[in-house]
Amino acid sequence: MARMHTRRRGSSGSDKPSADEPPEWSDVDPEDIESRVVELAEQGYDPSQIGMKLRDEGVTGTPVPDVKLATGKKVTEILEENDATSDIPEDLRNLMERAVRLREHVQANPQDYQNKRALQNTESKVRRLVDYYRGDELEADFTYSYDVAVELLENE
């Protein structure tokens with residue numbers, strides 16, 4: 001993963017093994033998987049958490065290593081079909097949460113220059129993502145600010 005805010009090289013990570021069909025030991029019915037995905041979303045889990053829960057606990061005891069292989073749809077696609085998506089995408093919400101936490105910390109500790117920089121970097125990532133999602137998942141006139149983030153996160 002390339003580091004966005006340093007001059008260092010990115011660290012290489014492992015890739016998921018390439019597979020075009022689910023393993024034989026995971027023969028869960030796609031409809032069962034979809035209903036479990038929606039159920040977990042209603043309990044307040046994010047798409048990435050849903051994937052991990054299905055991998056670890058599975059549906060009726062059988063693990064689901066890859067939702068997309070088993071159903072032909074991503075977790076987010078299943079949620080969209082069932083109108084169970086949240087207002088803002090998961091990656092953007094996580095970054096906004098971090099930015100809000102950092103802003104509160106920096107206001108309480110004005111001498112913490114390291115975290116002032118971390119806040120700047122995080123907010124710049126948020127702005128980049130907002131540009132990416134604007135018009136699609138976000139309103140066309142959406143702009144990021146601390147107050148907007150606080151309000152959005154409170155309403156979730």
message = Let's go through E77 and K74 carefully: what are the C-alpha distance in whole Å and the side-chain angles of both, what is the deciding distance for salt bridge (Lys or Arg N to Asp or Glu O under 4.0 Å) to 0.1 Å, and is it a yes or a no?
response = CA-CA 5 Å; E77 289 172 356; K74 292 174 158 184; 5.7 Å; no

message = Check whether S26 reaches the backbone of P22 with its side chain - one donor and one acceptor, N or O, closer than 3.5 Å.
response = no

E31 atom CD: more than 12 heavy-atom contacts under 6.0 Å = no

task = Check whether any side-chain heavy atom of E57 lies under 4.5 Å from a side-chain heavy atom of P63, and answer yes or no.
result = no

task = Work out which heavy atom in D27 is nearest to a heavy atom in T62; give both atom names and the distance.
result = N-CG2, 4.4 Å

message = Check for me, please, whether V126 and L152 land in the same ILVMFWY cluster - side-chain distances under 4.5 Å, paths through other members count.
response = yes

message = Could you report the tightest heavy-atom contact between V64 and A70, atom names first, then the distance?
response = CG1-CB, 4.2 Å

task = Would you check, one step at a time, whether the test salt bridge (Lys or Arg N to Asp or Glu O under 4.0 Å) holds for D87 with R93?
result = CA-CA 9 Å; D87 298 341; R93 199 185 76 242; over 6 Å; no

ask   = Is the closest side-chain heavy-atom distance between P65 and W25 below 4.5 Å?
value = yes

task = Any chance you could lay out the side-chain contact (heavy atoms from CB on, under 4.5 Å) test for D91 and Y133, step after step, and finish with the verdict?
result = CA-CA 11 Å; D91 52 355; Y133 284 125; 3.0 Å; yes

task = Would you mind reporting whether H5 and K125 have side-chain heavy atoms less than 4.5 Å apart?
result = yes

inquiry  = Between E39 and R36, does any NZ, NE, NH1 or NH2 come within less than 4.0 Å of an OD or OE carboxylate oxygen?
reply    = yes

query = Are Q114 and R117 side-chain neighbours, meaning at least one heavy-atom pair lies under 4.5 Å?
reply = no

query = Charged N to carboxylate O below 4.0 Å: is that the case for D131 and R128?
reply = no

key: Heavy-atom closest contact (A140 atom, R134 atom, distance)   = O-CD, 3.0 Å

ask   = Is the number of heavy atoms from other residues, nucleotides or ligands under 6.0 Å of Y45 OH greater than 12?
value = no

key: Shared hydrophobic cluster for L119 and L95 (ILVMFWY, side-chain gaps under 4.5 Å)   = no

Residues in salt bridge (charged side-chain N to carboxylate O under 4.0 Å, His left out) contact with E80, at least two apart in sequence or another chain = none

inquiry  = Would a single hydrophobic cluster contain both V148 and M96, if residues Ile, Leu, Val, Met, Phe, Trp and Tyr are joined by side-chain heavy-atom contacts under 4.5 Å?
reply    = yes

Any residue meeting side-chain contact (heavy atoms from CB on, under 4.5 Å) with E34, in chain and number order, not counting sequence neighbours = T71, K73, I78, E81

ask   = Is the count of non-hydrogen atoms from other residues, nucleotides or ligands lying under 6.0 Å from Q43 atom CD greater than 12?
value = yes

request  = Decide yes or no for L92 and L138: does some side-chain heavy atom of the first lie under 4.5 Å from some side-chain heavy atom of the second?
outcome  = yes

query = Any side-chain heavy atom of V100 sitting closer than 4.5 Å to one from L153?
reply = yes

ask   = Between Y144 and E123, which heavy-atom pair has the shortest distance, and what is it?
value = OH-OE2, 3.2 Å

ask   = How many angstroms lie between atom CG of N109 and atom NZ of K116, to the nearest 0.5 angstrom?
value = 10.5 Å

task = Could you walk me through whether R98 and N94 pass side-chain hydrogen bond (donor to acceptor under 3.5 Å, both in side chains), step by step?
result = CA-CA 6 Å; R98 183 193 298 174; N94 291 342; over 6 Å; no

inquiry  = I'd like to know whether D66 forms a salt bridge (Lys or Arg N to Asp or Glu O under 4.0 Å) with K16, so could you lay out the CA-CA distance, the side-chain angles of the two residues, the decisive distance to 0.1 Å, and finally the verdict.
reply    = CA-CA 10 Å; D66 190 328; K16 252 169 60 168; 3.0 Å; yes

request  = Would you check if I50 and K53 make a side-chain contact, meaning some heavy-atom pair closer than 4.5 Å?
outcome  = no

ask   = With hydrophobic residues grouped by side-chain heavy-atom distances under 4.5 Å, do L40 and M52 end up in a single group?
value = no

note = Heavy-atom closest pair (L69 atom, D20 atom, distance to 0.1 Å) is CD2-C, 3.6 Å

key: pair E137-I88: side-chain heavy atoms closer than 4.5 Å   = no

request  = I would like to know whether D112 and N115 meet side-chain hydrogen bond (donor to acceptor under 3.5 Å, both in side chains); could you show each step before the answer?
outcome  = CA-CA 6 Å; D112 189 348; N115 277 314; 2.8 Å; yes

